[in-house]
Amino acid sequence: YKTAPVLKDGPISKDIQEKRWNQFIKLASVFESKVQKMVESVIHHHETKTISLIGSKYKPQKGFIKKSVNDLLPDDEQFVKVSIDALRPIFVAIAKEQGKDVFDFLGIPTQFDINEEMIRQFDKIALNASDSYVGTVKERIRAAMLEGIKDGDGVEKLQQRIRSAYDALTVPEAKRVARTESIRVANATNEEAYRQSNVVHAKQWFTALDERVDDECAALDGKIVDIEENFTQVDGVPAAYSDIAYPPLHPNCRCVLSPVVLNKAARVGHYKKRIKKEVEKDSGQKMSHQVEQELAKKLDELIKAVDDE
């Protein structure tokens, strides 16, 4: 490990971060296209079902009230399930490539482990993303339907209106989901790979400071937190982002999680803080100063022994 160029105390240099960012975006882009095609396919099936329901259930008349519009829209649940099942293997493929890339960069000779917890995390990401975009599609199509009914559209005219609405939203929505969720999974993998490496003890937020970067991401650039903490615990971050452990901060975010390697003294403090927190949480009592000193001494000896191997 000691010969790996990144393994120096502290965060990696700005020029290496920029190279890593370019590599990260390049790798994520390969999978973005796969996610986009999948989302477009789900939305196209949603469109086919909606057009069919209009043909079989829509009866143009004054009594066709807003509540009845729900009968012309397909059930969200089946499309969300199809989306989750299709996203899972893509997310695993992203993690496999990104995890390998991180281990190669850090000089870790072992294989990155895509464990069960990561699979559960990916399923949660897939569920949230699928719920979001399927719900967005439904609301926009519902609004178009209400407009058509208000204008007195017949069956064929309403179907044409709805087809136009799908045409307008399908590609932009699929692109948004593809970029945002590919970046999310890749950064989740970064965090887990840093954790598994045993040489990375903190993480740093990095963004390409160009004309496309928004103020909130720019404010986070360069921030460093413990590997187990959230970036939203730092000053200047909106309270709405209460659980951001890694990018993206918002849709279409291009930020990346970078590794921070701590020196021995910093690692002693890092582990002491973490152990103290867990002990006090479990016992319900504050750790004494004497026990803290003994813990720091033991950690110093352990870390020195590991470094000397």
Side-chain angles (χ1 to χ4, degrees), residues 1-8 10-13 16-36 38 84-129 177-208 224-231 243-249 253-262 267 270 306:
Y1 300 176
K2 297 175 188 282
T3 59
V6 69
L7 293 185
K8 298 178 181 179
I12 61 178
S13 65
I16 293 178
Q17 280 187 327
E18 289 176 357
K19 290 177 182 178
R20 291 295 300 160
W21 180 85
N22 286 322
Q23 171 67 9
F24 178 89
I25 295 299
K26 181 180 179 181
L27 191 152
S29 297
V30 173
F31 293 97
E32 277 183 32
S33 61
K34 295 181 179 181
V35 175
Q36 181 178 336
M38 187 283 298
I84 292 172
D85 290 343
L87 284 172
R88 186 182 297 114
I90 301 176
F91 286 175
V92 170
I94 293 174
K96 183 178 180 180
E97 293 300 318
Q98 186 63 31
K100 180 180 183 303
D101 182 73
V102 170
F103 269 30
D104 287 347
F105 176 62
L106 292 172
I108 308 300
T110 56
Q111 185 174 348
F112 174 69
D113 178 28
I114 303 176
N115 52 46
E116 291 184 5
E117 178 57 35
M118 288 195 73
I119 299 298
R120 285 193 290 270
Q121 187 177 7
F122 294 162
D123 281 348
K124 183 177 179 181
I125 292 172
L127 172 60
N128 291 338
V177 173
R179 163 151 292 187
T180 305
E181 304 313 322
S182 295
I183 292 291
R184 193 186 311 279
V185 171
N187 273 306
T189 302
N190 275 355
E191 183 183 59
E192 179 58 25
Y194 298 155
R195 189 180 289 114
Q196 289 185 24
S197 75
N198 292 321
V199 296
V200 177
H201 308 279
K203 55 193 178 183
Q204 183 177 35
W205 194 286
F206 176 79
T207 187
I224 297 174
V225 299
D226 183 275
I227 194 72
E228 304 298 342
E229 292 180 346
N230 293 330
F231 282 94
D243 58 352
I244 303 296
Y246 46 78
L249 186 64
C253 179
R254 300 171 298 140
C255 297
V256 176
L257 204 62
S258 289
V260 178
V261 179
L262 302 181
R267 275 182 281 166
H270 162 83
V306 172

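Rounding to the nearest 0.5 Å places CG of N230 at 10.0 Å from OH of Y246. Atom CG in D123 sits 7.0 Å away from atom CD1 in I119 (nearest 0.5 Å). In this structure, CD1 in I224 is found 8.5 Å from CZ in F231, a value given to the nearest 0.5 Å. Here the CD1-OG distance, from I16 to S258, works out to 10.5 Å after rounding to the nearest 0.5 Å. For the atom pair CD1 of I183 and CZ of R254, the computed distance is 9.0 Å after rounding to the nearest 0.5 Å.
Taking every heavy atom of both residues into account, A28 and S182 meet most closely at O-CB, 4.2 Å. Shown here for V185 and F122, the closest heavy-atom pair between the two residues is CG1-CE2, 3.7 Å. Minimum heavy-atom separation, P247 to V256: CG-N, 3.9 Å. Minimum heavy-atom separation, C255 to N187: O-ND2, 3.1 Å.
With F105 as the aromatic partner, R20 meets the cation-pi criteria of under 6.0 angstrom to the ring centre and within 45 degrees of the ring axis.
Side-chain contact between I125 and F91: present, with at least one pair of heavy atoms (C-beta onward) separated by less than 4.5 Å. Q23 has its side chain within reach of D101: a pair of non-hydrogen atoms, C-beta onward, lies under 4.5 Å apart. Counting heavy atoms from C-beta on, the side chains of V200 and V102 never come closer than 4.5 Å. Between Y194 and H201 there is no side-chain heavy-atom pair separated by less than 4.5 Å. M38 is listed as a side-chain neighbour of L87, based on a closest heavy-atom distance under 4.5 Å. Between M118 and T189, some side-chain heavy-atom pair lies under the 4.5 Å cut-off. With a 4.5 Å cut-off on side-chain heavy atoms, W21 and T207 do not count as touching. Contact of the Q196 side chain with the D113 side chain is registered, since non-hydrogen atoms from C-beta on lie closer than 4.5 Å.
When each of Q36, E181, Q98, E97 is checked for a side chain to side chain contact (heavy atoms under 4.5 Å, CB included) with F31, only E97 meets the rule.
Within the structure, the salt bridge (Lys or Arg N to Asp or Glu O under 4.0 Å) test picks out the following pairs touching residues 190-205 (sequence neighbours left out): E191-R195, E191-K203, E192-R195, R195-E228.
Judged purely by atom type and a 3.5 angstrom limit, T180 has no side-chain atom pairing as donor or acceptor with the backbone of V177. In this structure, W205 contributes its side chain and V225 its backbone to no donor-acceptor pair below 3.5 Å.
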Evaluate the criterion side chain to side chain contact (heavy atoms under 4.5 Å, CB included) for residue pair K100 and Q111; output intermediate values, then yes/no. CA-CA 7 Å; K100 180 180 183 303; Q111 185 174 348; over 6 Å; no
What's the verdict on side chain to side chain contact (heavy atoms under 4.5 Å, CB included) for K26 and N22, showing C-alpha distance, side-chain angles and the deciding distance? CA-CA 6 Å; K26 181 180 179 181; N22 286 322; over 6 Å; no
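Looking at residues two or more places apart in sequence or on another chain, you find a side-chain hydrogen bond (donor to acceptor under 3.5 Å, both in side chains) between E117 and R120.
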